[in-house]
Number of protein chains: 2
Amino acid sequence: MRRMTARPANAHQARLLKLLRDGGPNSRAQLGDQVDLSRSKLAVEVDRLLETGLVVADGLAASRGGRRSHNVRLNPDLRFLGVDIGATSVDVAVTNAELEILGHLNQPLDVREGPVAVFEQVLSMAAKLRATGLAEGFDGAGIGVPGPVRFPEGVPVAPPIMPGWDGFPVREALSQELGCPVMVDNDVNLMAMGEQHAGVARTVADYLCVKIGTGIGCGIVVGGHVYRGTTGSAGDIGHIQAVPDGRPCACGNRGCLEAHFSGAALARDAVEAAQQGLSPELAVRLETHGALTAADVAAAAAAGDATCLDLIREGGTRTGQVIAGLVSFFNPGLVVIGGGVTGLGHTLLAAIRTQVYRQSLPLATGNLPIVLGELGPTAGVIGGARLISDHLFSPA
Amino acid sequence: MRRMTARPANAHQARLLKLLRDGGPNSRAQLGDQVDLSRSKLAVEVDRLLETGLVVADGLAASRGGRRSHNVRLNPDLRFLGVDIGATSVDVAVTNAELEILGHLNQPLDVREGPVAVFEQVLSMAAKLRATGLAEGFDGAGIGVPGPVRFPEGVPVAPPIMPGWDGFPVREALSQELGCPVMVDNDVNLMAMGEQHAGVARTVADYLCVKIGTGIGCGIVVGGHVYRGTTGSAGDIGHIQAVPDGRPCACGNRGCLEAHFSGAALARDAVEAAQQGLSPELAVRLETHGALTAADVAAAAAAGDATCLDLIREGGTRTGQVIAGLVSFFNPGLVVIGGGVTGLGHTLLAAIRTQVYRQSLPLATGNLPIVLGELGPTAGVIGGARLISDHLFSPA
DNA sequence: AGACTTCTTCCACTCTCAGGACAAAGAGCG
DNA sequence: CGCTCTTTGTCCTGAGAGTGGAAGAAGTCT
């Protein structure tokens, strides 16, 4: 199939495309209820969208008491690629234009191997998905990388954990390889967009999305839009000081949140605890696997290991301290916790909640839900699809 | 004179009004260079604005090489009132439609005397300004209060330092008394708007404005607009924990920034230092005035008093710690320090800068100016005028 | 079967707006 | 002073956007 290259010609068409993306197949009449255009105008714009091929007819809608309406929907052959490059693994998924995941692959992969190796992997995963018949090509791709990005150009800038990526033209390179438009963003922002599109944050305009993985980051959504900051490093909360004169951090300071709690820090703590004989559970796991990860701590904690529970609680408290400050500052309507360590689940969440509700003022916390992300590993890839669809469904 | 009640009829007119407000008298041709409208369309809209009386003809412009253009400007009889209610004093100023201050009064006043007493004072100050012939009435007023505000209604919500104000319909009451439209906001947000309109922040879209007065607050500007948070308490950074297990704070927690550094805390520290004989300079002042304020500390520090310099430095360091966290999180393009304690000047600024540049990541601080506000006590009242003019110069 | 709803199409009419033509008013130059 | 060139303001026409009414098509419900 030839790929779509059409773009909406005006704001009305863009609006309609987004309604169809978020609401699925819809009748003209239903669309009319949502957009405040005259019937005639609406018909004209829908017809033009049909001409472009972005939208296709989709049979008859159920009657709402009178004549049945003709449904329209986004072209079911449209395909977006969502790519979430993490520090230690990569997710690649194919979605349709309604951002439903049609196929999803996950592979361990060290981002430090550099852009060339990573792209090779990503492209081969994309090819594999294509080979299953899910897609003949892609109409757009949204990529997340674990570091700050100069958003308009889609280029990582000074990413601490991605040696070799600084200044690499990710957007341009992948656009060439995939032959479709590409947008690049921070992985945390992608997760925030994903949870906003299909997860817990569907109804709030201002919220924070804290991702605790190998590192810690925070997606900031203001008025429904991701806020990226002046240089694209907004939300980089891993290096906020959580413990005065605390542990040394890779960044050169001491007491950074990330040094005290993150996937990496937790793994270190777990090994230490195992070696000191504080946790027989962990010691066994260390023996068998040769290494420990956050998942081991989660499993041990689930089995009732006191040391692991303590580790989680202390990490949650540290994280809660930092989040409490952010809540006072930003006064969000929701805080979402996500990322690799969500396996730690409600023990972690409870510790964070306790600390935030204790430290922030009642006016800010009064009606503030703090919840786990709903989408898990799919948040990032859905966010990627959302990112590129927002771009493509805007007037050129 | 009868007060103006006209409002722009569409977005084009609103745009033109704001250009005239920010750029002063302007020729039609110059306006045309800025708004991307055809000459005919522009002429129509300008004519309509002239009809409403919001805009008046203003003679001929200088030639730009051809026929001279007819200037237009905002009606010079328009008057806005800017009111900045602080914890211990109130500022009232009259501006024209270009937000130039025509008259300014300042009086000490304890906000805890309650809304009725404070409004009496404010209204009498406004009357005094009117009596000087600066204004025959007001076309709008912008009010700042030292606490969180439910912005759409203009009502303070649970303000910690304003007993008796909770839920008081400030906007409605003052609108009645003044007989003109009124908008109410947090005093810190007003300062942020003032510095953005006429101060150091004219050219940045995303910045933070930290006001250190009796308390500490932070104005947040995202994309040129003040961000107020879900419940209107965004920027309330005074109760972020700066010192673990630090001093007890009025809010019930320990170690809040405000408990360690603010106008109030500094005064307490100064009295203590004087009584312990650590600072002869302060002791003398305490003797003569019976009390000490931040201004005394500033004066003593300027005279070289080591204890005072230390107090300021330590306070700056605490503040810098918190700001460093906010900078990492928000990645602003500028940080402005203002409020009553700016008298402490560059000693304070240096301490804050040192701490921020040390603790935040280079990507966020790389090109981050941290500067003192330019407008001093006029920032708030200019911000007030700006607030109401933004409202009135928007389509109804 | 008939009355009522809902949806779609068609059409006439209004409004907006851009851009060209032209006149008015100035600058610069010889 | 006269000429040319530039800039500004005004007028006009035509294209396109958009509204709302009317009528027909396709349902439901009694």
Side-chain angles (χ1 to χ4, degrees), chain A residues 6-20 23-52 54-74 393-396, chain B residues 6-20 23-74 394-396:
Chain A
R7 293 280 288 276
N10 59 42
H12 296 315
Q13 293 185 15
R15 180 85 199 284
L16 290 171
L17 289 173
K18 286 178 186 168
L19 282 174
L20 289 171
N26 241 310
S27 69
R28 286 172 168 80
Q30 279 176 308
L31 290 174
D33 294 343
Q34 302 174 68
V35 295
D36 193 42
L37 284 175
S38 68
R39 297 181 307 273
S40 357
K41 178 63 179 163
L42 180 75
V44 170
E45 296 298 355
V46 170
D47 285 346
R48 286 185 192 156
L49 285 174
L50 286 167
E51 274 174 35
T52 66
L54 283 172
V55 163
V56 299
D58 188 42
L60 288 170
S63 166
R64 294 199 295 181
R67 172 175 174 176
R68 294 169 66 189
S69 181
H70 292 269
N71 267 345
V72 292
R73 62 174 299 183
L74 290 171
F393 291 169
S394 296
Chain B
R7 294 279 290 275
N10 58 43
H12 296 315
Q13 293 184 15
R15 180 84 198 284
L16 292 171
L17 289 174
K18 286 177 184 168
L19 282 174
L20 290 172
N26 241 310
S27 70
R28 286 173 166 79
Q30 279 176 307
L31 290 174
D33 294 343
Q34 302 174 67
V35 294
D36 194 41
L37 286 176
S38 67
R39 280 180 311 185
S40 10
K41 177 65 179 160
L42 180 76
V44 170
E45 296 298 356
V46 171
D47 285 346
R48 286 184 191 156
L49 285 174
L50 286 167
E51 273 174 37
T52 66
L54 283 171
V55 163
V56 298
D58 189 44
L60 288 169
S63 167
R64 294 199 294 182
R67 173 175 174 175
R68 293 170 66 190
S69 182
H70 293 269
N71 266 347
V72 292
R73 61 174 299 183
L74 290 172
S394 295

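Every chain is numbered from 1 and lettered A, B, ... according to where its sequence line falls, protein lines coming before strand lines.
- Within the 4.5 Å cutoff, side-chain heavy atoms of N10(A) are placed close to those of E45(A).
- Whole-Å rounding puts the L37(B) CG to dG19(C) C1' distance at 14 Å.
- The outermost nucleotides of DNA chain D lying under 4.0 Å from heavy atoms of chain A, listed 5' to 3', are dA17(D) to dT28(D).
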Protein proximity profile, nucleotides 21-30 of chain C - base contact B, sugar-phosphate-only contact S, no contact -, cut-off 4.0 Å on heavy atoms: B-BBBBS---
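- Contact of the L16(B) side chain with the N26(B) side chain is not registered, since no non-hydrogen atoms from C-beta on lie closer than 4.5 Å.
- L31(A) places its CG atom 12 Å from the P atom of dC7(C), with the value rounded to the nearest Å.
- Here the C1' atom of nucleotide dT16(C) and the CD atom of E45(B) are 10 Å apart, to the nearest Å.
- Among residues two or more places apart in sequence or in another chain, the salt bridge (charged side-chain N to carboxylate O under 4.0 Å, His left out) test is passed with R15(A) by none.
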Residues R28(A), D47(A); criterion salt bridge (charged side-chain N to carboxylate O under 4.0 Å, His left out); working and verdict: CA-CA 10 Å; R28(A) 286 172 168 80; D47(A) 285 346; 3.4 Å; yes
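- For the pair V56(B)/R73(B), a side-chain contact is recorded, criterion being any heavy-atom separation below 4.5 Å from C-beta on.
- Among the protein residues, A29(B) comes within range of the sugar-phosphate backbone only, with heavy atoms under 4.0 Å from sugar or phosphate atoms but none that close to a base.
- At dC7(C), none of the side-chain N or O atoms of S69(A) fall inside 4.0 Å of OP1 or OP2 (strictly under the cut-off).
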